[in-house]
Amino acid sequence: MVARRGTHLGVALALTLAGSPAKGEPEIPNILPPPDHGARTLRGHTLIEPAAQETGFVTSHVGLRQGLSYLSVKNFPIYANERATVRMLGINDQLDVSIRVLPWLALNVAGDAFAASGLDGTSFFYGQAIYLINARAGALVRVYRSRATGTQLGVRGYAGFGTGQQLALPGFVQGVAARAAREVPDLLAVPADQLEDAAYTAVSNAADDLRNSAITTRNLARYGGALHLAQVIVPLLGFQSTFGLEGASARDRHFDPRLQYYVNTDSADTTLRFAAALSFDAYHLGVPLA
């Protein structure tokens with residue numbers, strides 16, 4: 001009888017654990033996400049927003065990216081037979097705002113500011129200093145998503161404009177020297193005791209006339225697109241990559257020291273970009289770490 005009672009008790013306990021909770025008792029939630037519960041989750045792996053590239057997921061978000069860039073150019077030509085090393089430091093800030101309109105469509109607005117300057121006297125004078133502000137708008141379309149393979153493809157298109165200024169000290173010095181040299185014949189008629197003051201006045205007047213010639217103004221139009229790929233390798237690992245192509249047409253207004261007036265220079269360039277990011281997600285193991 002004791003053994004039988006024990007057997008009945010064990011069966012009753014197993015049925016209780018396997019059955020539904022009693023009425024009025026809260027159901028214990030499952031901490032593990034379903035395989036495809038959110039825009040950034042594929043096969044149980046949640047991919048993190050990458051820092052060095054834009055996301056290919058259709059989400060509503062506000063993001064801020066900041067970065068530093070360092071450039072060192074050896075044997076930079078200063079004069080015909082003189083070279084120097086130019087070192088530049090740049091700071092970049094980007095604001096990214098995305099609004100999800102449909103499960104497969106998001107509208108995006110982004111703006112970024114870039115400023116750079118030389119790190120020493122030679123680099124500042126010859127490498128110059130620059131700031132540039134860009135703004136653009138576009139759309140992101142999700143063209144493919146597979147729960148079985150953990151793959152998603154997105155296409156982004158955008159257009160925008162930019163403006164900025166560049167400090168061009170060598171051109172300014174050349175312009176002042178050329179303008180002052182035009183007054184040399186007048187200086188020859190000045191008495192010797194007044195020559196120094198007259199030369200100083202000539203250079204000062206030239207500098208006042210050309211004070212804005214040290215600034216080069218740039219305006220540009222930008223347009224491009226990108227292909228975003230997200231792939232889950234195993235539930236622990238996934239990666240995102242971006243292939244981008246951008247075109248830009250720019251107009252620079254700068255002072256020509258030889259001609260002694262401002263000229264416009266038009267240019268165009270094409271940029272190919274590639275970025276990749278690997279992610280680790282242990283949440284499906286019950287560990288909230290990514």
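The first residue in the sequence is number 1, and the count goes up from there. Keep in mind that the numbers below use all heavy atoms, side chains included, and drop hydrogens, waters and symmetry copies. Note that the coordinates shown come from a computational prediction; the quantities given were computed from them, not determined experimentally.
Interatomic distance, T41 OG1 to D281 CG, rounded to the nearest 0.5 Å: 7.5 Å. The distance from the CZ atom of R87 to the CG atom of L89 is 12.5 Å, given to the nearest 0.5 Å. For the atom pair L220 CG and T163 OG1, the distance stands at 8.0 Å (nearest 0.5 Å). Residue L42 holds its CG atom at 8.0 Å from CD of Q231, rounded to the nearest 0.5 Å. Atom OG1 in T217 sits 11.0 Å away from atom NE2 in H254 (nearest 0.5 Å). Note that the NE2 atom of H45 and the CG atom of L236 stand 8.5 Å from one another [nearest 0.5 Å].
Under the rule for a salt bridge (Lys or Arg N to Asp or Glu O under 4.0 Å), the partners of R251 that lie at least two apart in sequence or sit in another chain are D266. Scored by the side-chain contact (heavy atoms from CB on, under 4.5 Å) test, L102 finds W104, L105 as partners (sequence neighbours excluded).
Within a 6.0 Å radius of CZ in F280, other residues, nucleotides and ligands contribute more than 12 heavy atoms. Heavy atoms from other residues, nucleotides or ligands lying under 6.0 Å from CD1 of I99 number 12 at most.
Note that R40 lies outside the cation-pi zone of F57, set by a 6.0 Å cut-off to the ring centre and a 45° limit from the axis.
In this structure, R142 and Q152 have side chains that are in contact, with non-hydrogen atoms separated by less than 4.5 Å. Residues N264 and D252 are not in side-chain contact: their nearest non-hydrogen atoms beyond the backbone lie 4.5 Å or more apart. Side-chain contact between N134 and R222: present, with at least one pair of heavy atoms (C-beta onward) separated by less than 4.5 Å. Between I130 and L167, the closest side-chain pair of non-hydrogen atoms is not below 4.5 Å. The shortest distance between side-chain heavy atoms of T55 and Q240 falls below 4.5 Å. Between R100 and T59 there is no side-chain heavy-atom pair separated by less than 4.5 Å.
A salt bridge is absent between R156 and E246: the closest approach of a Lys/Arg side-chain nitrogen to an acidic carboxylate oxygen does not fall below 4.0 angstrom.
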